[in-house]
Amino acid sequence: MPSYTPPLRDMQFVMHEVFRVTDEFKAMPRHAEVDEDTINAVLEEAGKFAAGVAFPLNISGDEEGCTLDKATHEVTTPKGFKEAYAQYIEGGWAALSCDPEYGGQGLPFVVNQCLYEMLNSANQAWTMYPGLSHGAYEALLAHGTDEQKKTYLPKLVSGEWTGTMCLTEPHCGTDLGMLRTKAEPVAGAPEGTYKITGNKIFISAGEHDFTENIVHLVLARLPDAPKGSKGISLFVVPKYLVNADGSLGERNPIFCAGLEHKMGIHGNATAQIAIDGAIGTLVGQPHKGLQAMFVMMNAARLGVGNQSLGLTEVAFQNALAYAKDRIQMRSLSGTKAKDKDADPIIVHPDVRKMLLTAKAYAEGARALQIYCTLLLDKAHSHPDEKVRKDSDELVALLTPIVKAFITDNGHIATNHCMQVFGGHGFIKEWGMEQFVRDNRINMIYEGTNTIQSLDLLGRKVLGNNGATLKKLGKLVAKLVEEEGVNEKMAEFINPVAYLGDQMTKFTTEIGFKGFQNPDEVGAAAVDYLRVAGHLVFGYLFARMAQVALRQIAAGNTDPFYVAKLQTARFYFAKLFPETATLMRTARAGSKPLMDTDAALA
């Protein structure tokens with residue numbers, strides 16, 4: 001059976017020592033009183049819930065899955081899931097970073113993100129139920145009417161109700177411009193009231209037994225809608241209609257028609273949703289639904305990256321423990337465990353490479369997630385408009401990297417960790433194969449990683465002529481200027497400085513080719529995102545090494561700092577050099593891909 005220990009020490013290091021989040025909060029009136037002790041106490045309790053309540057249900061939830069009663073359209077979740085959720089809302093975890101106006105605790109997003117990392121390590125399938133609710137809350141908070149906010153937000157904040165996002169249809173996934181779900185005005189009803197009809201698929205947490213009501217956010221077309229994505233509107237469609245006094249009314253005809261049979265996340269009800277004239281109310285402006293839904297989608301993309309961070313961390317922890325215990329063969333450099341018949345496999349170089357790959361990808365991802373959610377806190381709460389704008393632009397640039405780079409790395413890391421177990425990793429009882437299966441969806445949903453790559457290169461970089469990329473470059477340049485003459489930092493700074501310089505030329509070259517032939521952007525995008533991901537990870541690892549070196553120089557003997565430096569050295573020596581290959585393959589262009597009609601005949 002696997003185990004899990006919340007990585008509180010590393011979270012505290014990144015938040016308090018690298019980014020000094022409480023100093024940042026002092027500039028934000030909303031969070032000015034939040035101190036280190038408060039954050040640490042909250043996360044310690046969150047870790048107890050994740051490890052003690054959610055984690056024990058992970059394997060059993062995977063084995064049992066969800067069941068649908070086709071007669072009633074009701075879904076039963078795995079044993080213990082509902083009770084765990086009751087503990088979750090009783091503990092106030094659903095309200096952690098929500099607005100106090102609606103019953104929230106008002107803590108920074110960065111604290112909520114650390115809570116969710118631990119929950120994802122513990123049980124990704126279970127965590128998706130409250131996770132999607134938080135996205136629905138964000139969308140309604142940003143674009144809902146006063147009446148919608150009054151009706152739905154307090155219940156979503158408390159966790160008494162959950163939320164979903166209903167986008168995908170059988171014939172249309174990423175290309176939402178093709179969706180067919182219809183919304184027709186209801187005669188005699190209040191303005192903004194519609195009857196929604198259509199079918200949705202792949203709706204995570206689309207039906208369950210956790211709560212008495214589910215708040216669906218549904219994309220649909222009005223009768224006069226223009227074609228394509230410019231004709232999409234967003235509606236809030238509850239499972240049960242809500243009376244004026246807040247009590248539940250009639251059952252709305254939005255039903256679970258089936259559950260998907262999936263490779264992983266079996267404990268989450270991925271529903272096929274049939275909507276047969278269900279009553280919904282318009283969110284935001286007509287034909288502007290994507291603008292409202294993107295609030296939820298962008299939150300979800302950061303959340304999906306967090307899912308793979310969680311799985312990378314828990315997979316690493318278990319592989320490390322196994323490698324220390326499992327004995328096989330002798331070390332190539334001589335016997336290490338003379339009292340045993342063989343040496344622990346952790347002495348073998350390639351086993352260490354697999355373990356360190358997972359560790360480096362977990363620690364880099366954690367730093368990036370915390371950095372991005374700190375940017376979100378600044379974008380939402382900083383009094384300076386320029387700081388808000390700059391933070392918002394930077395997190396928009398980093399969001400596709402969070403989603404794609406971290407989930408791709410999670411695929412690499414969980415497979416490596418399964419490999420450490422050898423044949424036992426392929427056996428269900430050890431839990432490793434489930435981490436691999438559960439992570440696989442993270443590379444697909446909320447926009448496949450190729451879509452994220454096109455978004456980064458085509459929209460976020462080339463779309464504004466590299467303006468936001470230059471802001472990232474200035475951060476890198478500032479660190480290089482600070483530490484460029486520090487010999488002890490050279491092994492961390494020099495690779496980042498070199499890639500930072502290369503990135504400008506690399507981007508310009510691809511952009512020029514893309515203007516001549518758009519397929520060039522498509523051919524280079526995936527490689528480009530991975531290069532950008534390494535640039536960001538390199539910058540963050542250099543900042544972490546900077547702090548560790550200063551602590552050691554000050555006489556701190558905590559082995560944590562030595563370990564951080566060793567992980568950073570491994571990252572720059574063994575993983576970061578991938579960028580050279582990626583830039584070469586990106587520059588190979590579209591011809592080897594598109595001039596292949598005979599090969600793909």
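Just so it is clear, the structure is predicted and the values come from calculations on it, not from any experiment.
Note: F405 and F537 meet the aromatic proximity criterion, with ring centroids under 6.0 Å apart. With ring centers used as reference points, F235 lies 6.0 Å or more from H216. Close placement of the W126 and Y88 rings is indicated, their centers lying within 6.0 Å of each other.
Shortest non-hydrogen contact noted between A269 and Y129 is N-OH, 3.0 Å. T312 and A413 make their closest contact through CG2-CB, 3.6 Å (heavy atoms, listed as atom of the first residue, atom of the second, distance). When every heavy atom of I201 is checked against every heavy atom of P170, the shortest pair comes out as CD1-CA, 3.6 Å. A225 approaches G231 most closely through the heavy-atom pair CB-O, 3.2 Å. Counting all heavy atoms, side chain and backbone alike, L529 lies closest to P400 at CD1-O, 3.6 Å. Nearest heavy-atom pair, A50 versus A122, reported as atom, atom and distance to 0.1 Å: O-CB, 3.2 Å.
Between R366 and E363, none of the side-chain N atoms (NZ, or NE/NH1/NH2) sits under 4.0 Å from a carboxylate O, so this pair counts as no salt bridge. Between D62 and R437 a salt bridge is recorded (basic side-chain N to carboxylate O distance below 4.0 Å). With salt bridges taken as basic N to acidic carboxylate O contacts below 4.0 Å, none links E446 and K403. Electrostatic pairing of K195 and E184 does not count as a salt bridge here, judged by no charged N lying under 4.0 Å from a carboxylate O. Using a 4.0 Å cut-off between charged side-chain N and carboxylate O, K239 and E207 make a salt bridge. The pair R180-E169 does not meet the salt-bridge criterion, since no charged nitrogen lies less than 4.0 angstrom from a carboxylate oxygen. Salt-bridge annotation for K150 and E101: absent, with no side-chain N of the basic residue lying under 4.0 Å from a carboxylate O of the acidic one. Using a 4.0 Å cut-off between charged nitrogen and carboxylate oxygen, D377 and R30 do not count as a salt-bridge pair.
The residue from Q148, E191, E147 that alone fulfils the side chain to side chain donor-acceptor pair (under 3.5 Å) condition with T281 is Q148.
In this structure, the side chain of S233 engages the main chain of H287 through a donor-acceptor pair within 3.5 Å. In terms of modelled atom types and a separation under 3.5 Å, the side chain of K200 and the main chain of A274 share no donor-acceptor contact. Between the side chain of S121 and the backbone N or O of G310, at least one donor-acceptor pair lies under 3.5 Å. The main-chain N or O of T211 is never found under 3.5 Å from a side-chain atom of E160 such that the two would form a donor-acceptor pair. The backbone N or O of A205 lies less than 3.5 Å from a partner atom in the side chain of N268, making a donor-acceptor pair.
Between I196 and K182, every side-chain heavy-atom pair lies at or beyond the 4.5 Å cut-off. Put simply, the side chain of L302 reaches to within 4.5 Å of the side chain of L376, judged on heavy atoms. For the pair N318/S3, a side-chain contact is recorded, criterion being any heavy-atom separation below 4.5 Å from C-beta on. A heavy-atom distance below 4.5 Å is found between the side chains of Y137 and D99. Using a 4.5 Å heavy-atom threshold, the side chains of N409 and R530 count as touching. In this structure, E24 and H382 have side chains that are not in contact, with every pair of non-hydrogen atoms separated by 4.5 Å or more. Side-chain atoms of V237 and I279, non-hydrogen and from C-beta on, never get closer than 4.5 Å to each other. At least one side-chain heavy atom of M118 sits less than 4.5 Å from a side-chain heavy atom of M11.
Summarising the local packing, NZ of K79 is surrounded by 12 or fewer heavy atoms from other residues, nucleotides or ligands at distances under 6.0 Å. For D69, the CG atom sits in a packed shell: over 12 heavy atoms of surrounding residues, nucleotides or ligands are nearer than 6.0 Å.
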Hey, mind stepping through Q272 and L259 against side-chain contact (heavy atoms from CB on, under 4.5 Å) and telling me if it holds? CA-CA 6 Å; Q272 302 164 12; L259 292 177; over 6 Å; no

Please evaluate residues D209 and T76 with respect to the criterion side chain to side chain donor-acceptor pair (under 3.5 Å), reporting the C-alpha separation (whole Å), side-chain torsions for both, the decisive distance (0.1 Å), and the verdict. CA-CA 6 Å; D209 54 2; T76 302; 4.6 Å; no

Please step through side-chain contact (heavy atoms from CB on, under 4.5 Å) for the pair S97 and V111, ending with a clear verdict. CA-CA 8 Å; S97 65; V111 179; over 6 Å; no

Could you walk me through whether Y371 and F19 pass the ring-ring contact (aromatic ring centres under 6.0 Å, His included) test, one step at a time? CA-CA 7 Å; Y371 181 57; F19 294 122; 5.3 Å; yes

Begin with the C-alpha distance, continue with both residues' side-chain angles, and end with the deciding distance and a verdict on side-chain contact (heavy atoms from CB on, under 4.5 Å) for Q113 and C372. CA-CA 10 Å; Q113 197 77 335; C372 281; over 6 Å; no

Residues H208, Y85; criterion ring-ring contact (aromatic ring centres under 6.0 Å, His included); working and verdict: CA-CA 11 Å; H208 55 77; Y85 184 76; 7.3 Å; no

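Atom OH of residue Y445 and atom CG of residue L167 lie 14.0 Å apart, to the nearest 0.5 angstrom. We find the CD1-CD distance between I265 and E260 to be 10.5 Å, quoted to the nearest 0.5 Å. Residue I254 holds its CD1 atom at 8.0 Å from CZ of R251, rounded to the nearest 0.5 Å. Between atom CG of residue N449 and atom CG of residue D408 there is a gap of 4.5 Å, rounded to the nearest 0.5 Å. Atoms OG and CH2, on S133 and W161 in that order, are 12.0 Å from each other to the nearest 0.5 Å.
A donor-acceptor pair shorter than 3.5 Å cannot be found between the side chains of E313 and N120. At a cut-off of 3.5 Å, with distance as the only test, no side-chain donor of N298 or T399 sits close to an acceptor on the other residue. Counting only N and O atoms by type, the side chains of S247 and N243 include a donor and acceptor under 3.5 Å apart.
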